[in-house]
Every structure is written in C-alpha cells, then in structure tokens.
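Here is the structure we will look at.
What you are looking at is a predicted structure, and each value in this text was computed from that prediction instead of being measured. Here is how names work: the chains are called A, B, and so on, in the same order as the sequence lines, proteins then strands, and each is numbered from 1.
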Amino acid sequence: MSDLFIYTLRLGDDALIAAQRTAEWIAAAPQLEEDVALGNIGLDQLGQARSLLQYAGTVEGAGRTEDDLAYFRDERDFLNAQLTELPNGDFARSMAKLLYFATYQHLLYEELRSSSDETLAGVAGKAVKEVAYHVDHATQWVLRLGDGTEESHARMQAGLQEMWPYTAELFATDDLVQRLDAAVDPSTLEEEWLRRVTEVIDASTCERPTSAYQHSGGREGRHTEHFGYLLAELQHVARSHPGAKW
Amino acid sequence: MSDLFIYTLRLGDDALIAAQRTAEWIAAAPQLEEDVALGNIGLDQLGQARSLLQYAGTVEGAGRTEDDLAYFRDERDFLNAQLTELPNGDFARSMAKLLYFATYQHLLYEELRSSSDETLAGVAGKAVKEVAYHVDHATQWVLRLGDGTEESHARMQAGLQEMWPYTAELFATDDLVQRLDAAVDPSTLEEEWLRRVTEVIDASTCERPTSAYQHSGGREGRHTEHFGYLLAELQHVARSHPGAKW
Amino acid sequence: MDSFQATIDADGRIEPRDAMPEGYRKTLIRQIAQHAHSEIIGMQPEGNWISRAPSLRRKAILMAKVQDEAGHGLYLYAAAETLGVDRADLLDMLHEGRQKYSSIFNYPTLTWADIGAIGWLVDGAAIVNQVPLCRCSYGPYARAMVRVCKEESFHQRQGFEILHTLCNGTDAQKAMAQDALNRWWWPSLMMFGPPDASSTHSEQSMAWGIKRHSNDELRQRFVDMTVPQADVLGIRVPDDGLTYDEQTGHYSFTQPDFTELYEVVKGNGPCNQERLAHRVKAHEDGAWVREAAAAYAAKQALKKETAA
Amino acid sequence: MDSFQATIDADGRIEPRDAMPEGYRKTLIRQIAQHAHSEIIGMQPEGNWISRAPSLRRKAILMAKVQDEAGHGLYLYAAAETLGVDRADLLDMLHEGRQKYSSIFNYPTLTWADIGAIGWLVDGAAIVNQVPLCRCSYGPYARAMVRVCKEESFHQRQGFEILHTLCNGTDAQKAMAQDALNRWWWPSLMMFGPPDASSTHSEQSMAWGIKRHSNDELRQRFVDMTVPQADVLGIRVPDDGLTYDEQTGHYSFTQPDFTELYEVVKGNGPCNQERLAHRVKAHEDGAWVREAAAAYAAKQALKKETAA
C-alpha cells in the first residue's frame, strides 16, 4: 500500500465517518432550520469522502471504487480519527465535536490546497469553503449554548470536555506524513487550531478543557467500541448483496 | 417451501429474535442476580432457536444450517412475531414483553409436545420446562413492579400497555397452521393465555391494557422498523466473511 | 368580502393583507399546516435508511431528499404564518394529535427498495395532488407549491431510478422492488383521500379555489401515469382488476380498502405511535437548545442596546 | 491472635467467625472486592460481542461465559460480605472510583478475534494468578476461587478454540487472530502487576498466606504456558526478544511497558471512562427496580405479619 493511498484513505475515512454521524441528526434536530443545516454539513462531508475515496481507489490501482472502500473494508482497515466515530450525544456534544473537527479540517484543507498532488489540492480547494461554513455554524452554537441558559452552559462545558481527549489524535505526526511530499503534517496545524478553538471557547464563557489522557489509534485502524456498530449499520445492506449495483 | 419448514421457521425465529433482545440486558441489568437470570433465559431461548432452525434446515433439505438461516436470510424472510423484535425499553417493558411472550410459548410448547412431528414434540418437551421458569420470572417481576413503588407501578402499567398491541399476532391463525397436522393452531391458545396473563396483571394491581389497534405482519415477514437494525448487528460479522467457519 | 369573491371569480390571487372569509382562512391554515406536518413527519420513514443506504451516491441523494423535505416544511410553515398563526403553535397541535399529517407516513420502510417506492409512488402521488395547488387562490401557498413541486418531481425521478436499478439487478433486488410495490401501491392510492361520494370539505374548497380537482379525478390521473411506468420497470401492480380501456384512454382499477385509510387516520396504523413519538422526542430533546438560543439572542440584544 | 498466627503457620484456613488482624481483614476486603469488581466490569468487553457473534453456537458459549462472570461476581461479593461489608457499599466504592478493577478491562474489544484472545490470554492469566488463591488462608475466598478457577479453565479452552478455528480459516480470519494477539499480549503480561522490585503490599500478603507467589514468578509461568500454545495456533507472540532457554526450561521475554500499566490504573486507558460510565448507568437505571423490589418485599412481609 502506497503512502499516498493510505494518506488519502485517512482523509476520506475522516470525512465518511463524520458524515455518517452528522446524518444521524436529520429528522432529530432541535429545530427544522437545524435539520437543514446539518443536512448540508453532512452532505458536504459525504461529498468530500466520495472524492477522496474515489481518488484512493485510483491511487491504489486495484480497481476498487468509493463503494468498495466504504462498504467492503473491515473495521481495522478504516483509518479515521476516533473523534469522528464517537456517538453524537446531545446537541452540545455534537457541536463540540463539529467545532474541533471542522476547525482541524479547515486548517488542513487550507494547507492541502497547495499540495504537490493536484487531485488532493483540487479536493481541498473545494472543501475549504465548505468547512469554513461548518466552523462558523459550530462556533455560533458554541457561543449560544455556552452563553445561553444555565443548563445549556453546563451541557456545552460537558460536551467540550468529553470530546477533548479525542483531539490530540488529529494532530499526531508519523513517518508517513513526514515522508509523503503531498501530505500536510498535521502537527504543524495544532498551534493555530488551539488558538482558534480557545478563542471560541473563551467567548462562549466556557472553560477550555484539559485532559490527562488523549486517545489514539484511529490512524492505525484501532477504533473505539462504538465503531463496529456504526460499520454494521453502514455496510449491512451492501454486504448482504455482494456484487450488486445500486 | 413446505408448510413444515415455514412453521418451524416461525417458531425458530421467535426464539432467535427473543434471545437477541434478552441478551442485550446482560451487563446492563438492575442487579447482578438479574444479569444471571436473564442470561439463563436468553440461553434457553437461543437453545430453542438452534434446535428449531437446525430442524428447519433438515426439513428444507437444501443443506442450510442453523447459521445459514440465522445469518444469511434477509429481513423479509424472517417470520418472527413483531413482539419479539421490539426494543427492550426499560426493565418494566422487558418484563411485560417476557410475560406475554413466555406465557404464549408455554401454552404452545405444552400442546406441541403431542405434535405428530416427533422432532417438534421433542423440542417442545424440553423447552416447556424452560419457559415455565421464564413465565415465573416475569410474573414475579410484574408483581414486584406493579405493587412496588408509585414509579414502578406507573412504569409497569406503561410497559404492559406498550407491548399489548403486539400480542394478538401471536394467536393469529392462518391456512398454514390449519392444514399442517404437526402444528398447533395458536388461536386455540388465546383464551387461556388471556386468563393467565390477566390473573398476573390483576394481582400486580395494574390494569389490563386495551388497544384499538393490533399490529400484524411478522409471520409474513413484515416487521417493524426496529428489525433491520437488529439484523444488521446480528449478521454483520458473518456477512463480512461469507463462507468462513467460526 | 366582495373584492374577495371577485378575486376568486377572476381566478386571481388572495394575498395576506387581503380581506378573506374566516372559513377560507381556517381551511387554508388547516390544509397548509397538515401539508407542512406531512413534510416533516415524512422525513422519518426515509431518514430511516440514510445510515444504511447501499452506495455513497444513493446515500447522498437520500440525505439531500430528506433535507429538502425539511426545507418544504419551512416554506409551508412560513406560508401558514402569513395567515396569522405561529409555527410553534402548529407544531404543538401536531404533537398533541390535534392536527393530522398524511397517513402514508404511518407505514414502515422495511427494505432499501421502499426508498425507491416512496420516491416513485408517494412523491408521484404528492405531485399529482399538488400541481393543481400551484394555482391555488391563496398566493403564498401557491408560490410555496411551485417550489415544492419542482423538487418533488426531481425526487420522483430519483425514486424511479432506484427501482429501475433494482429491477435490472440481481433476482433478490428485483424481488425487493416487487415487494415494495406490493406494499406501497394501496397506501399510495389512498393518498388522494376518500372517494368523492364520501369526501367532506371538498365542495367549499373547490368554490374557494383551494381545491381544483376531485379526489377520484386525481387518483385516476395517478394510476394512468404510474401503470405504464411499472411496465417499464417490469414489475407488476398488485391489482388483478387492472385493465386498460382503449376507448377512454384510462385504466380501470380496484379501489383501495378505505376502511384501512379511516383506521390509519384515526391513529390505528403500523407506525402512528412511533412517528409521533419520534417527533415529540426530537422536539422535547431540543427544548433546552431553543431556550438557550433565545436567551443568547436576548443577551446580545441587551448588549447592543446598552452599548448604543 | 495467637490462634490466628498458629493457623496461618500451620497452613490452615481462617473462617469468618475467627479472630483476625484488622490489616488482614482490610487487605482481603480490598482484594476480594477488586476481584469481584473485575468480574462484573469484565462482562462489558465480552458482552460487547454477544449481539454480533458470528455463529449461534459461539453466541451461546459467549452468553454463558459472560453470565458465568456475573456468577463469579456474586460469589466473590458474598465472600467479601463474610468479612463484614455490604455488596451495596462495595459497589458504591467501585462506582465512585474508590476501589479498582483489573486494568485489562480498560482495553477495547475491536474484532471477534478479541473474544478468543480474551478467553485464551486474559482468562489464562487469571487462572495463573488465581490457582494459588485456591489455597488462600481465608476459607470463603479460597472456596470461591476453586469454583471460579474451574469455570475459567473452561473459558480459557473456549477462547483457544475460537482462535484455533480462526487460525485454520480464511486469510482474513488468520490476520484477525494475529492482530488480536498483537494487541492483547502486552496488557495480559501486565495482569500480573508491577515487577517484584516495585511491588507494594506483596510481602505482608505473602506472610498472611493471601499471596503465594511473586508477580514475576507468575508472569514467567504464564509466558511458559502460553508461548507453546501460540505455536500450536501458528500465530506469533509480538516480542522480538522472546527466546527459549533449554537449560532452565523457561522463556526469556521482554517486559511490558509498566508506565502504561500505571497510567491505566490511574484512569488513563482507552476505556476507563466508558467502563465505569456503563456500570454506573446500569446501576442508576436499575435503582427504581431495586427500590420496587424492596417495597414489594416489605409489603409482603407486612401482609404475612398482619395475617399471622
């Protein structure tokens, strides 16, 4: 497996699994406007996933399509960060997750626009505008919930805290990103991410979380116990009809 | 498909899906003794399912094993009553479901012991003792919860009510059970079932539920929307490795 | 009121600021609200398959469709609000069971093919019902319907395309498509409401230009449109009485069992309880979020004021 | 107390009614409670796969195993209660994080092969740790351990059998087995606790006949037992430093990274939060049930009394 293939899968799996979770809010959001907004965000994430997985298939050169990669890989072959697979929890937890993830994606795609790999640069160029909206949407909610009522403040603080131990993984560097010219080394984004996220959290009147422990493993296919259930749902119909077209 | 095959599947699918739901309580029960008790009940149900599905495969004569029937049929091919597939809900709902289902199974297996089909008679002979314990266990809890605290009474009443519209299906007769000599026509069990269940409900100080609507369709493979998710979980690993032995 | 009748007679549009009879206003509120409620309840049976859609392309199309339904809900509630009611109050009426939504959404989606069948048949029936509403006498409703119908005809084609793929797929896929048609055919026919002979409200609504065609006319139109499409798919409409009349150019068909429709309307359908319970839960779970948004907005307004 | 020491010295059994030093009692309560907690927390990582077990036979075996663990919890809490504590209080201590459970259960079960690996390695290590406890100086604990060990050796064989089937299966299955061994090897070695040089409590526990062998002795025994089994399976223990010493008849092996163990014990492992949260939720969700059972029992007792 080439570095470029693995790197592209990491990005694609992040987007795919994030989309799967975001879509769980549709028809369950706190208000109709939010069903629409989260529908948009999920669609953006899914669109990014499709472009990236399709490209991963091309890079691999074994004839696998976006669907082969999404529906016919096993749990340990998915390379998304664990943050993306966590259950949504309440709306505050979901907005904390989106703030952390979209801010990361935004910084990443900004850099990736000048990747030496033209396809990745192209995907990033389109996606960067989308995720700027995601960041904005999450920011607005973190502010409203953090500085809303006593209950919403407590929930927002809990959400920020609960997702925090899954953020370091987004910025973990490794040999692959260091040697792959087309890649962005995510460790170079962490400082600016922290600055931006802190600014939002401060403005929301919440406190910036701390954590003695940071989870890791997603980039090597080690996931949380939640992930297997997500995959079972995602893949069951496709796996039940191997070879079928839809 | 022979009548005997279909009839055996109905019984086997009831037991299988009931076992799947019962097992969800393990490591989540209100006290450790109940983890053990529900483990026993789930194991009994699963044991019945295995005998019945294995026999269904034999009757069919196409070489399908219990696992082929459990893991490689699609949603519309499962013939369990919808009651068995309903989510557990709180402990009172689960005990209402168990009271209704085990009392039905008990009456059914009592009759089936004298089936003209020796295998079914044999399965029933073993299972009838098991389900007698299930009935007793559910009864004890319906009494305790119904006549316990104000909260438990309200929850027990709600549980009995919520499961009630799924009970008529257990007793629905059709051409198949009428023409198949080996079968018990479940409509002949309804009166006694109602007597027994009413006795428990009365003693529990709850009111016997009523319902303007009774669900149906399970015996023709029309299920609730919950069922597809249950199957995805049940089947995902097996479907991901077609042909593998475990 | 004379000007109202004159506008209606001239096939003109009534606008929010215009005088209108109380009965007209009430009928419209009821109808538009019911329509809006149907859009948002209708998100559930299809939303049920987003996580399990068997290809990423179909998943994206389905997400976009369900999102469109939320959008339709938004314009329709906005159209109702022009008649002097609040969306929040209409939602309360839905949640308390005091206003209805289309009974079709009380049937479960059991397989992926149901997503195709809903697009093809349910959106198809909705379009037949709604296209005439684009010429409804009440302007805001008519304009909302133009937008809704445009998107729904897109959804209808997507549904047909799902089934078309299944019907040209494996045996299991084709069986799935046929099964979906078997289950959705009769409920779809019921979407046009009771037979004209027993339909209430209709006459006055016709006179007011809210309704343009009778239930039976629209049902016929739907059958005439749909049967040839089933032929193209190669699946069979589950009606032994279906025949084509060369002379009239119409199909004659068996009427659905309307007692089932009345039962489902009364609350006795397979998913009535789940649909409402899901909706109420989403609303209640979201209460603290809406309160927080309101509290934040109030704080911000106060800050602006004190700064000014 | 002289009789206590005499019993210990004679390798006899201390029984609940016997006098015993407070330190002995406290040490035992802590150890038995921790052991009981480990049984019930240990239900979670394996329970996680009951609904997804890939054959009905394996599903039944797994359900029975997890149920056995609940049973072990029951005898162990009962053994602890002979020392004058309440199960409810011990559970509160678990839920509040004031008593520990085995750190091995803070790792996630990611594939079906993990169920094999837990049976083989984790139950295997547990047996090595616990067999000597069957001769523990405290009678109720020793007797509970006899029962527990018997069932665990059964579980250990079942785990091995799962892996054996995988290792003789498809390539994907074999890879799954190897991956599980890779992930569970080091945590299993840590189950014997810190190296003797840095182990607290050990000396006094040895003197009291609660502990019979040092951590490092037991770890060596586990490695010696397990490595040949891995060879039978045809999977590789992930230790480049592993060599067999013909002379001593022992394997030399790389020590695990004990800083990881200390972190996980402190709460910094992949599943510490989930495990405790799941346990607390089950307990809290069940509170109304336990209250109802108590209220019902009280009512029944009162009825009997007034009837008498």
Scan side-chain atoms only and decide if A:Thr65 and A:Asp68 contain a donor-acceptor pair under the 3.5 Å cut-off.
yes
Distance-only donor-acceptor check, side chains A:Asn40 and A:Tyr133, under 3.5 Å:
no
For C:Gln178 and C:Asn182, which I'm curious about, is there any donor-acceptor pair between the side chains at under 3.5 Å?
yes
Is it the side chain or the backbone of C:Leu74 that comes within 4.5 Å of chain A heavy atoms, both, or neither?
both
Does NZ or CZ of C:Arg147 come closer than 6.0 Å to the centre of the six-membered ring of C:Tyr75, within 45° of the ring's axis?
yes
For the residue pair C:His35 / C:Gln130, report whether a side-chain donor-acceptor contact shorter than 3.5 Å exists.
yes
Need one label for C:Ile40: side chain, backbone, both or neither, based on atoms under 4.5 Å from any heavy atom in chain A.
side chain
Side chain / backbone / both / neither for C:Lys281 at chain A, heavy atoms under 4.5 Å:
neither
Should the ring pair A:Trp141 and A:His137 be called parallel, tilted or perpendicular, given that the plane angle runs from 0 to 90° and is split at 30 and 60?
perpendicular
Contact origin within A:His241 toward chain C - heavy atom pairs under 4.5 Å
side chain
Answer with side chain, backbone, both or neither: which region of A:Gln20 has an atom nearer than 4.5 Å to a non-hydrogen atom of chain C?
side chain
Output the option from A:Glu151, A:Glu24, A:Glu33 having the highest count of non-hydrogen pairs under 4.5 Å with chain C.
A:Glu33
Interchain contact, C:Thr170 with chain A, by part (heavy-atom threshold 4.5 Å):
side chain
Under 4.5 Å heavy-atom distance to chain C, tell me which part of A:Arg239 shows up: side chain, backbone, both or neither.
neither
Atom group of A:Tyr71 that falls short of 4.5 Å from chain C, counting heavy atoms:
side chain
Under 4.5 Å from any heavy atom of chain A - which part of C:Arg279:
neither
Rounded to the nearest 0.5 Å, what separates atom CD in A:Glu207 from atom CE in A:Met156?
13.5 Å
Most heavy-atom pairs under 4.5 Å with chain A, out of C:Ala53, C:Ala298, C:Ala172, belong to C:Ala53
Taking side chain as everything from C-beta outward and backbone as N, CA, C, O, which of these in C:Arg58 sits under 4.5 Å from a heavy atom of chain A? Side chain, backbone, both or neither.
side chain
Heavy-atom pairs under 4.5 Å with chain A: which of C:Gly47, C:Ala292, C:Gly116 has the most?
C:Ala292
Exercise: do A:Gln105 and A:His134 side chains pair donor with acceptor under 3.5 Å:
no
What about C:His37 and C:Tyr77, are their ring centers closer than 6.0 Å?
yes
Could you have a look at A:Ala238, A:Pro30, A:Ala70, A:Ala23 and say which one has the most heavy-atom pairs with chain C under 4.5 angstrom?
A:Pro30
Given C:Ala295, C:Ser51, C:Ala293, the one with more heavy-atom pairs under 4.5 angstrom with chain A than any other is C:Ser51
Which of C:His164, C:Arg52, C:Gln44 touches chain A most, by non-hydrogen pairs under 4.5 Å
C:Arg52
In terms of heavy-atom proximity below 4.5 Å to chain C, should A:Ala29 be classed as side chain, backbone, both, or neither?
backbone
Interchain contact, A:Leu16 with chain C, by part (heavy-atom threshold 4.5 Å):
side chain
When you check the side-chain N and O atoms of C:Arg290 and C:His283, is any donor under 3.5 Å from an acceptor?
yes
Are A:Glu34 and A:Trp25 packed together at the side-chain level, in the sense that at least one heavy-atom pair is separated by less than 4.5 angstrom?
no
Which bit of A:Leu32 is near chain C, if near means a heavy-atom gap under 4.5 Å: side chain, backbone, both or neither?
both
Which atoms of A:Gln235 are under 4.5 Å from chain C, going by heavy atoms: the side chain, the backbone, both sets, or neither?
neither
C:Thr82 and C:Tyr138: side chain donor to acceptor below 3.5 Å
yes
Less than 4.5 Å to any heavy atom of chain C: does that hold for the side chain of A:Leu53, its backbone, both, or neither?
side chain
If you measure from the Lys or Arg side-chain nitrogens to the Asp or Glu carboxylate oxygens, is any gap between C:Arg183 and C:Asp179 under 4.0 Å?
yes
